[in-house]
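Here's the structure we're looking at; comments come further down.
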Amino acid sequence: MLSLPLLLQEAHAAYEPILPAWILLLPLIGAVVNGVGAFNWRGNKAIPSIVGPAAVIGAFAIVVVNFLAMRAAAPHDPAIVSLWTWMSAGDLRIGVDLQFDQLSMLMLLVVTGVSSVIHVYSVGYMREDPGYSRYFAYLNLFVFFMLILVLGANFAITFVGWEGVGLCSYLLIGFWYENREFASAGKKAFIVNRIGDFGFLVAMFLVFVHFGTLNYETVFAAAPAALAYGGAVVTAITLFLFLGCTGKSAQIPLYVWLPDAMAGPTPVSALIHAATMVTAGVYLVARTSVLFAMAPVSQAVVAAVGAGTALLAATIATQQYDIKKVLAYSTVSQLGYMFVAVGIGAYTAGIFHLMTHAFFKALLFLGSGAVIHAMHHAYHEVHSHEDPNDMRNQGGLRRFMPITFATMWIGTLAISGIFPLAGFFSKDEIIWYTGAYGYGILWGIALVAALLTAGYMTRLMVMTFHGENRTGADAEPHLHEVPAVMWIPLAILAVLSIVGGWVNIPDALPVLPAVHALHDWLHPVFEPARGILEAHGLHDAHSSPIGGGEAMWAGISTVAAAVVIILTFRALVHRTWKPAADSTEPTGLAGVLYNKWYVDELYDRTIVLPLLALWRGCWRIVDAGLIDGSINGLAAGTRAVGWIGSLFQTGRVATYMFYFVTGVLVILATFLL
């Protein structure tokens with residue numbers, strides 16, 4: 001067996017993926033083992049506690065080895081690993097091919113690294129759940145499909161992973177399927193994503209029709225010559241791809257499933273929101289950056305939808321009381337930032353924010369899970385039926401949960417863009433590029449959304465950890481910090497939320513040395529797309545409508561966020577909050593935001609209810625009326641004929657002779673007359 005130094009030495013000259021299949025196999029094996037355990041050893045929680053996290057941690061270890069080998073070799077072209085041919089028909093050949101390049105490697109690190117932490121956390125969070133082994137089977141399977149999505153070397157394999165994470169999201173969101181509301185949330189996520197998946201399928205058909213292949217490298221190499229810049233074909237392909245992205249990454253108009261996804265266990269929310277499913281859309285736009293660079297209309301649509309989503313979700317988050325719902329709308333908003341970046345062609349900035357967001361959003365969700373875990377146990381001890389997720393029932397938890405309190409404040413400052421935490425570097429880079437590339441309106445929207453983020457996250461922290469405790473005198477003695485298996489992952493993510501942005505420090509900042517590690521790392525992947533943009537006169541920073549340098553605007557942004565945090569904290573920290581049971585529903589603009597701009601109600605009125613009416617009409621007219629009516633009518637006619645015939649079956653010979661003679665006379669009369 002080769003040691004790590006020998007493996008790295010072999011890969012130094014020309015990078016060759018090391019144990020590539022095992023990156024996929026380990027989570028799949030974990031899913032199978034835990035799936036079998038869900039039926040055979042329900043009471044034994046030791047096996048899933050070991051197998052579930054170990055499968056993903058093992059995959060992460062292999063990814064780290066491959067990252068070091070790739071970094072040492074510094075390849076410019078991707079390494080393709082062909083496992084087998086999946087299907088071959090005429091000109092179509094689809095292989096189970098894995099693509100290892102700088103983008104997929106970064107995504108592998110994020111997915112397996114953050115997922116490993118979430119799996120370990122889940123051991124403590126889900127320990128008492130009767131579906132413990134089934135939970136880890138779903139979680140491992142989720143990671144398996146996300147890795148397929150990331151590693152796919154062609155559209156078809158990516159689509160397999162795309163559909164796989166959709167399936168697993170349905171299973172995990174509706175994990176507690178005995179609850180009708182939770183089961184409905186899983187169905188909602190599944191159905192809404194099918195709308196987006198239709199777009200992905202159409203885009204694949206268009207790609208195959210015009211290129212005769214679905215392989216990324218072949219398509220991207222041929223696209224500049226085969227397709228006209230800004231033409232109808234490339235615009236159609238990219239818009240249909242983006243339709244798929246709006247479903248997976250919860251953008252307008254298909255974002256409505258993600259807040260309802262909070263029905264699943266909190267570690268599931270962390271996994272979906274931080275490192276896996278919702279980042280798939282951003283990844284797909286980045287992966288197909290060559291096509292989007294050739295479609296200026298599609299780029300504008302991506303950026304505009306991203307900015308609109310960022311602002312819309314941020315406004316809704318300001319008036320939510322469910323701690324997980326606040327974070328859910330925060331995720332929708334942050335994904336909007338990522339789409340703004342990839343939409344304007346700042347691909348590295350979008351992926352940079354995807355990476356840092358994975359750290360602090362996983363931290364915030366797992367922190368909220370720690371709060372809910374403590375609140376649930378406290379309420380359970382006193383037989384209270386209050387909602388542990390509602391921030392109005394919390395308050396003052398910093399005294400009981402100091403580690404969770406400290407780490408969640410780190411995550412809050414990071415997502416708010418406070419220097420020198422991770423969010424400062426990635427979010428401000430997006431805002432800066434938006435203005436520097438001449439998108440003045442989008443720049444203003446992004447800045448407002450950033451300030452709203454600082455406001456609603458501070459509100460979350462104040463309502464949860466500061467002020468008076470509102471759990472009730474009976475429940476308060478049962479509040480305590482979560483066990484080490486849960487707070488150690490919080491500490492790890494807190495460290496990453498602090499230092500995660502230091503891989504990309506711009507030249508303009510006078511305090512820290514310039515670091516271009518991430519830009520240099522991703523340069524080979526995005527170089528073709530940048531070349532197309534520059535060839536058509538885009539990315540001209542001289543047209544910037546905002547003026548000033550990056551350092552100045554970074555300073556203004558972080559100072560503005562800090563001011564919002566301080567003002568929000570001072571305005572709310574001494575406020576008296578009523579428990580949820582004693583509170584009234586907000587009115588006015590606050591009520592509109594509390595009810596999420598009534599978008600779900602609008603969809604119900606304009607789409608869901610008319611479709612239900614149509615389906616009921618089809619059932620009553622076509623199914624029950626025509627189909628069932630004709631069959632039932634035929635049966636009734638048959639019964640009537642039988643009944644009439646039965647009247648002649650009396651069993652009396654004299655009667656039969658009478659019928660016979662009468663019949664003969666009728667026949668004779670007919671012929672004679």
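All heavy atoms count here, side chains included; hydrogens, waters and symmetry mates do not. Model, not experiment: these values are computed from the prediction.
If you check the side chains of Glu527 and His76, you find a donor sitting under 3.5 Å from an acceptor. Judged purely by distance below 3.5 Å, without hydrogens or angles, the side chains of Thr158 and Tyr216 pair a donor atom with an acceptor atom. Side-chain contact, Asp101 with Gln99: a donor N or O sits under 3.5 Å from an acceptor N or O.
With ring centers used as reference points, Phe159 lies under 6.0 Å from Phe200. When ring centroids are compared, Trp521 and Phe67 come within the 6.0 Å threshold. Remark: aromatic rings of Tyr347 and Phe292 are distant, center separation not under 6.0 Å.
Counting heavy atoms from C-beta outward, Lys427 and Thr356 have side chains that stay 4.5 Å or more apart. Residues Ile195 and Trp257 have side chains not in contact (no heavy-atom distance under 4.5 Å, counting atoms from C-beta outward). When side chains are defined from C-beta on, Ile252 does not count as touching Thr246, because their heavy atoms never get closer than 4.5 Å. Using a 4.5 Å heavy-atom threshold, the side chains of Ile351 and Phe526 count as touching.
The residue from Met355, Lys361, His357 that alone fulfils the side-chain contact (heavy atoms from CB on, under 4.5 Å) condition with Phe359 is Met355.
Panel note: side chain Asn215, backbone Thr218; no donor-acceptor pair is recorded below 3.5 Å. Listed for the Asp97 side chain is no donor-acceptor partner under 3.5 Å among the backbone atoms of Ala153.
Minimum heavy-atom separation, Pro259 to Tyr329: CG-CZ, 3.4 Å.
Phe190 carries Arg194 over the face of its six-membered ring, with the cationic atom under 6.0 Å from the centre and within 45° of the normal.
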